[in-house]
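This report refers to the structure that appears directly beneath it.
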2 protein chains.
Amino acid sequence: MNLILLEPEDFQSSSQVVLRGRRFQHMAEVQRAEVGDRLKVGVVNGQVGAGEITERSENHIAMTVSLVAEPPAALPLTLLLALPRPKMLKRTIQHATALGVKKLYLINAYRVEKSYWQSPWLAEEKLREQCVLGLEQAVDTAMPEIQLRKRFKPFVEDELPEIANQSLKLVAHPVTDAPCPVDIEQQTTLAVGPEGGFIPYEVEKLQEAGFQSVHLGPRILRVETALPVLLSRLFPAR
Amino acid sequence: MNLILLEPEDFQSSSQVVLRGRRFQHMAEVQRAEVGDRLKVGVVNGQVGAGEITERSENHIAMTVSLVAEPPAALPLTLLLALPRPKMLKRTIQHATALGVKKLYLINAYRVEKSYWQSPWLAEEKLREQCVLGLEQAVDTAMPEIQLRKRFKPFVEDELPEIANQSLKLVAHPVTDAPCPVDIEQQTTLAVGPEGGFIPYEVEKLQEAGFQSVHLGPRILRVETALPVLLSRLFPAR
């Protein structure tokens, strides 16, 4: 928790917040915060700054906060990610959030097992919890928007043209000659397949929608490793 | 398992191998390999190629292998990594291996808890298991060399000058003005701290040894995310 993420309902007044529950416990038990300590804070979808602890009881901490700066810039990116298996889902959402992804579509693909869509971690509030952890890690406040799309073909045919309109359209695919471009400034839509990759039909459908296949070199990486590699190649200066 | 990694003792002759145990089970149960199928293979620290299955019983598979190509290039890098907590250690070794790290020192730091050094996963054969998984993932054969250094100061003062000699020396450290360089070709020694970072004393000792602090932007990333980001900024074309 490199930043304490504040929700509107934490505010007692424009500069006074009271925290209980998970954040209180982390501050009290892990950070051992005391009255007078200053900690980094930020408001969901708002500014970042410092909070000075004015009160600490057995179940809450009160702070006076001063919000002065903008959060880190978002990546100019919409990410289409084949739904990872449940074990990986939480971690992937946290990582993507920490890396600055703000628009994420979790999509279906042939190699996404049907059962993955039953994961309780796909509930809106569960996904938001993972986003909060990613923002707290990366000292960011801008909450990602996550959409679920359980049917590949209608998504790619009917929705994707509008979503990807005017952006550079890339699909990460090991079996291609074109390397992933480095250091682009352009708004980008990036599709990343499941473990085992998109099947040829899916790559074709994406190509029909204007997507260009790019590879990351001879190594085949797990999605959790490929994602930071892809994003830092595309946007190394972010 | 994108590559079946062969050990010298698997060979019955120069082109015949017999596999049992973990690899047999993966090929039989996950890949459902049958006689006649061709799979990607490689020899530890040697070439990669194809293996054709000639025999399959209830507990072994025999293949005729033909080794024709070099594995992916290694990164021109020596990585000094503060020992991660046990839960992260396995994953970090796998990721680093998959990314092409061949020289890895797991080092101590103030924020490395002493108990981490007791982890059974630090045994040589356990570390090697994780490297094998990383190589199988990344279609690589070159086994990383991993060294453990339980004392920070003697390592940095006595050993590091020789290890890092003639290389670009970088320490990943969020609190600095210099961004991590992009796309260098040079042999590099990169130090990455524990969760919470190196303490100022450690950064100073590394600076005395010629290391330059570099940051990855305003976001603070977990080691598992920072590592692929760092390596792909330094070596985007690998």
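Chain letters run A, B, ... following the sequence lines, proteins first and then strands; every chain starts at 1. In this text, all values refer to a predicted model and were calculated from it rather than measured experimentally.
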remark   = Okay, B:Leu216 and chain A: the region with an atom under 4.5 Å from a heavy atom over there is backbone
inquiry  = Can you tell me how far apart CD (B:Glu224) and NE2 (A:His95) are? Round to the nearest 0.5 Å.
reply    = 3.5 Å
Could you pull out every donor-acceptor pair under 3.5 Å between side chains of residues 130-142 of chain B and any protein atom, sequence neighbours left out?
{"from": "B:Gln130", "atom 1": "OE1", "to": "B:Gln94", "atom 2": "NE2", "distance (Å)": "2.8"}
{"from": "B:Glu136", "atom 1": "OE1", "to": "B:Arg22", "atom 2": "NH1", "distance (Å)": "3.1"}
{"from": "B:Glu136", "atom 1": "OE2", "to": "B:Arg22", "atom 2": "NH2", "distance (Å)": "2.6"}
{"from": "B:Gln137", "atom 1": "NE2", "to": "A:Ile220", "atom 2": "O", "distance (Å)": "3.1"}
{"from": "B:Asp140", "atom 1": "OD1", "to": "B:Ala142", "atom 2": "N", "distance (Å)": "3.3"}
{"from": "B:Asp140", "atom 1": "OD2", "to": "A:Arg219", "atom 2": "NH1", "distance (Å)": "3.0"}
{"from": "B:Asp140", "atom 1": "OD2", "to": "A:Arg219", "atom 2": "NH2", "distance (Å)": "3.2"}
{"from": "B:Asp140", "atom 1": "OD2", "to": "B:Lys102", "atom 2": "NZ", "distance (Å)": "2.6"}
{"from": "B:Thr141", "atom 1": "OG1", "to": "B:Gly46", "atom 2": "N", "distance (Å)": "3.4"}
{"from": "B:Thr141", "atom 1": "OG1", "to": "B:Gly46", "atom 2": "O", "distance (Å)": "2.6"}

task = Indicate the atoms forming the closest heavy-atom contact of A:Pro236 with B:Val182, along with that distance.
result = CB-CG2, 3.9 Å
ask   = Out of B:Pro218, B:Gly217, B:Pro72, which one racks up the most heavy-atom pairs below 4.5 Å with chain A?
value = B:Pro72
query = Considering only heavy atoms, which portion of A:Pro179 lies under 4.5 Å from any heavy atom of chain B: side chain, backbone, both, or neither?
reply = neither
key: Between A:Gly100, A:Pro71, A:Gly196, A:Cys180, the one whose heavy-atom pairs under 4.5 Å with chain B are most numerous   = A:Gly100
inquiry  = Can you list the residues of residues 106-118 of chain B that sit under 4.5 Å from chain A, counting heavy atoms only?
reply    = none
task = Give, as side chain, backbone, both or neither, the part of A:Ala73 having an atom under 4.5 angstrom from any heavy atom of chain B.
result = backbone
For residues 31-45 of chain A, tabulate all N or O donor-acceptor pairs below 3.5 Å that involve a side-chain atom, not counting sequence neighbours.
{"from": "A:Gln31", "atom 1": "NE2", "to": "A:Met1", "atom 2": "O", "distance (Å)": "3.3"}
{"from": "A:Asp37", "atom 1": "OD2", "to": "A:Glu34", "atom 2": "N", "distance (Å)": "2.9"}
{"from": "A:Asn45", "atom 1": "OD1", "to": "A:Met143", "atom 2": "N", "distance (Å)": "2.9"}

Which portion of A:Leu231 sits near chain B, non-hydrogen atoms under 4.5 angstrom = neither
key: Closest heavy-atom pair and its distance - A:Pro228, B:Ser232   = O-OG, 4.2 Å
message = Applying a heavy-atom distance below 4.5 Å, give me the residues of residues 74-91 of chain A that approach chain B, sorted by number.
response = A:Ala74, A:Arg91
query = Of the backbone (N, CA, C, O) and the side chain (C-beta and beyond), which part of A:Val229 lies under 4.5 Å from a heavy atom of chain B, both, or neither?
reply = both
